[in-house]
Amino acid sequence: QVQLVESGGGLVQAGDSLRLSCAASGRTFSTLSMAWFRQAPGKEREFVAAIPWKVGITYYSDSVKGRFTISRDNAKNTAYLQMNGLKPEDSAVYFCAADPWGTGSRNRDAYDYWGQGTQVTVSS
């Protein structure tokens, strides 16, 4: 069983930056493909970014490409999402997800484990 705990959310202004963290436990972190999804009120949970267990490849949604960066530190069992140039439309609950031996899928059904989410609110 994998436990995921997100942190780093908050209330910021448009143009600001935030860094989200996702601490994992319960399994060798280097074997986990990690991803971030987000869900705004009344909307479906959507893919944001992914980094497979084989480091060196990253994937992004078109809406965040060039502004957000996903990374991982296998020594710290932690994945990160650096968010720059935040926009009001980025406001959502951000979820961390893990897929053992995964390939960095954009499909939320590919992920077996989820965190509880952290709120990001961007004011205009």
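Note that the structure is predicted; figures quoted are calculated from it, not measured. Positions are given from 1, in the same order as the sequence printed here.
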_side chain to side chain contact (heavy atoms under 4.5 Å, CB included) evaluation trace for Q119 with T121_ = CA-CA 6 Å; Q119 177 72 48; T121 304; 3.3 Å; yes
_Steps toward side chain to side chain contact (heavy atoms under 4.5 Å, CB included) verdict (D99, D112)_ = CA-CA 6 Å; D99 174 19; D112 298 320; 4.2 Å; yes
*So M83 and V64, side chain to side chain contact (heavy atoms under 4.5 Å, CB included) or not? Walk me through it.*
CA-CA 8 Å; M83 305 186 294; V64 307; over 6 Å; no
*asked:* Applying side chain to side chain contact (heavy atoms under 4.5 Å, CB included) to C22 and W36, what does each step give before you reach the verdict?
replied: CA-CA 9 Å; C22 174; W36 290 92; 3.7 Å; yes
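No continuous path of hydrophobic side-chain contacts links Y80 to L18 [ILVMFWY only; heavy atoms under 4.5 Å].
Listed here is the closest heavy atom pair of S17 and V12: O-CG1, 4.4 Å. Heavy-atom minimum distance, Y94 versus E6: O-OE2, 3.9 Å. Nearest heavy-atom pair across I57 and I51 is O-CG1, 3.6 Å. Of all the heavy atoms in Y113 and P100, the pair that sits closest is CE1-CG, 3.9 Å. When all heavy atoms of F29 and D73 are compared, the closest pair comes out as CE2-O, 3.9 Å. Closest non-hydrogen pair, R72 versus S33, comes out as NH1-CA, 4.3 Å.
Remark: D62 engages K65 in a salt bridge, criterion side-chain N to carboxylate O under 4.0 Å.
Ring to ring, F37 and Y111 are close: their centroids are under 6.0 angstrom apart.
One distance of note links CD of E46 with CD of Q39; it measures 9.5 Å at 0.5 Å rounding. Rounding to the nearest 0.5 Å places CG of N77 at 11.5 Å from CD of Q3.
Considering only heavy atoms from C-beta on, S63 comes within 4.5 Å of R38 through its side chain.
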